[in-house]
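The shown structure was predicted, so the numbers you read here are calculated from the model rather than taken from an experiment. Chain A is the first sequence line, chain B the second, and so forth, proteins listed ahead of strands; every chain is numbered from 1.
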Amino acid sequence: MKLYAGIDIGSTTGKAALLDAEQNLLGTCIIPATERPEKTARLCLDQLLDSLDLDMLQIAFVTGTGYGRVRIPFANDNVSEITCHATGAKWLCPTIKTVIDIGGQDCKVMAVLPNGRVSDFAMNDKCAAGTGRFMDGQARAMGVRIDEFSDLSQAATAPARVSAQCSVFAESEVIALINGGTEVSDIVAGIHESIASRLVGLLKRIESLPDVTVTGGCAKNKGLISSLQDMSGLSIVQLQGDPQTVGAIGAAVLAHEQAGLASKGTARLLAVPSGANAI
Amino acid sequence: MDELRLSKALETLTEASEAAASRELLAWRAAGGKVVGYYCTYVPEEIITAAGAVAIRLRARTNPETDTASAYMGNMCCSYVKHTFDMAMKGKYDFLDGVVVPTCCDSIRHMHENWVQYIPSQFSHQIEVPRRNDQDAHVAMFRDQLVRFREHLESALGVEITDERLHDAIKLHNETRALQRRLYELRKRENPPISGALTLTLIVAGTSMPKTDYNPLLRTVVEELEQVQGVPGARARLMFVGSCLDDPAYLDVIEGQGGIVVCDSQCFGSFQLSADVSEEGDPLDAITKNRLVDQAQCPHVSPSNQRTDYVKKIIEDFKVDGIVCSRMAMCDNWAGENFLLNRVEKLPVPVLNVEREYFSAASGQLSTRVQAFLETIEGARV
């Protein structure tokens, strides 16, 4: 069986996805990032192949994405994570027109056209505002775990205002709030609102139409999604599967396409094939 | 095509563009020649040349620090001015007899004030550049500024700047512009024989040495390149729009994703070659009209439609697929340009907005955005 692989090497985690020739999604995998992108890529793909009892030799084409994409020695091609997240989201849910990716170190919004191509995008990768890294810092300051954020925020009665633009200053602000006796649940809700308002700002830079979805690790935080819906006035469609793997899935879809085109000898083409069979 | 002839000329020009002071400039200096540094395309090099001096555009690619400048200039000052001022305060611009600093932006304006205070051994002249160019009063005011500039330069350098010398200088600089336009013409081709990065190197080289050395070298390059067939396969034809870019490495990062930069709207690029100075009539009238009316205008000068018209013309003439709009952080003049291009004007091509500093460390962020931008452009061809 021929396989098509997508590898997404991000700042915090490495992700892999495998499609077969009929575009069935066979599986995905997430591992913590190691110090070297090429090592992360190899480990992640190996883990996925092992879990499915498949072999590297079956892989016909590998597309890499994420900041470590140029350091994947076995990748045949690399595509930006902007295109991969849009491709993956649309493949999982064909009605998607706007994708918000909240990653470990950057956040971005993409406008997706009917044929799956990205028509416009806006991103923040200058600082940690609106990213997983931002929440990491606050979690530490409050002595809670990131995966507790969602439940905590839902218990909030009066979300605190976290006004600092910069995540470093926001951390100081959070410590002041704790010392002032503000409930942790209210602080977490305030943090969610701060991130949501940053994302709304990004959304205003592009033409953001429904259906809207969120990808990236932070999408698993239901409290954050709820804040985002409230502040943007958009209803967020939840994708099947783990939102953190959408980039890798998109890369696998593009790998499948590039392999077909490569064998036909035609030029690079980026269009999402219709139909999706996901596990 | 003579490869050796071409590569020798390219090597000389590239070295000059990368040095703090080019070999040619130092030779001129050693022979007793005077050197005047300047910011910005509104400063008439012709007047400096007519004074028997060589005009050098202020740059600081060899000075990555700003520790000294930061003590004298605030956080809101742009990094271009900080790095160049830092260089001057550290004595690395000792080969200048003086500088000409226009009022084009607050950062530059404050630099002049600091210079006068702390580097008095080298003169600094400030030229007021109007903020609009659509009224007679603006033209008259700018001409008056050039009269004062000529007078100050005469006394600072102990020379007489006659109209005849101005005419000769105008001819020399027009020769430079004609050659640079020939260079840009090559980039209109379907497969340009030269990258945007190398073009920038060649234009920047011209700001770092006497024009009498530069013109023959550039002529050699242009004559050889005219015979070269470009390599096909560029993913897209891009245009650079933004705050003064004197760093070819930045364009290398952009072009590294597979697109080619075929033209620009920026002051270390096409602004310089966009219009000749008339060789008829009063030279100061001619120079005034060139800088304030005919030349491609910086966003310092309103109204804005002249700039967007310029961009649209280039899109058409150079068959541009997409624009990379890159503003230097803290740059007030260019702060509204991406809004203008994205929202106000309905341009036929998409625009990528990025921000940078004079020294740009994070090339990964730029290359990701450019790659995504190229994918967007290619996707639109589906």
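- Residues A:F121 and B:L352 are in side-chain contact: their nearest non-hydrogen atoms beyond the backbone lie under 4.5 Å apart.
- Within 6.0 Å of atom CD in B:Q306, more than 12 heavy atoms from other residues, nucleotides or ligands are found, so the atom counts as buried in its surroundings.
- Between the side chain of B:Q371 and the main chain of A:N78, a donor-acceptor pair closer than 3.5 Å is present.
- Not counting sequence neighbours, A:Y67 has no partner by the ring pair (Phe, Tyr, Trp, His ring centres under 6.0 Å) test.
- Between the CD1 atom of A:I206 and the CG atom of B:N342 there is a distance of 12.5 Å, given to the nearest 0.5 Å.
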- [ ] Output, in order, the C-alpha distance, side-chain angles, deciding distance and verdict of side chain to side chain contact (heavy atoms under 4.5 Å, CB included) for A:V118 and B:E375.
- [x] CA-CA 8 Å; A:V118 174; B:E375 289 158 6; over 6 Å; no
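- Under the side chain to side chain contact (heavy atoms under 4.5 Å, CB included) criterion, A:N76 pairs with A:F61, A:V62, not counting sequence neighbours.
- A:E81 has its side chain within reach of B:T368: a pair of non-hydrogen atoms, C-beta onward, lies under 4.5 Å apart.
- Environment of CG in B:N75: sparse, with no more than 12 heavy atoms of neighbouring residues, nucleotides or ligands closer than 6.0 Å.
- Contact annotation for B:E355: both backbone and side-chain heavy atoms come within less than 4.5 Å of a heavy atom of chain A.
- Between B:F373 atom CZ and A:D120 atom CG the span is 9.0 Å, to the nearest 0.5 Å.
- Applying the 6.0 Å contact sphere to CD of B:E316 captures no more than 12 heavy atoms from other residues, nucleotides or ligands.
- Around atom NZ of B:K188, more than 12 heavy atoms belonging to other residues, nucleotides or ligands sit under 6.0 Å away.
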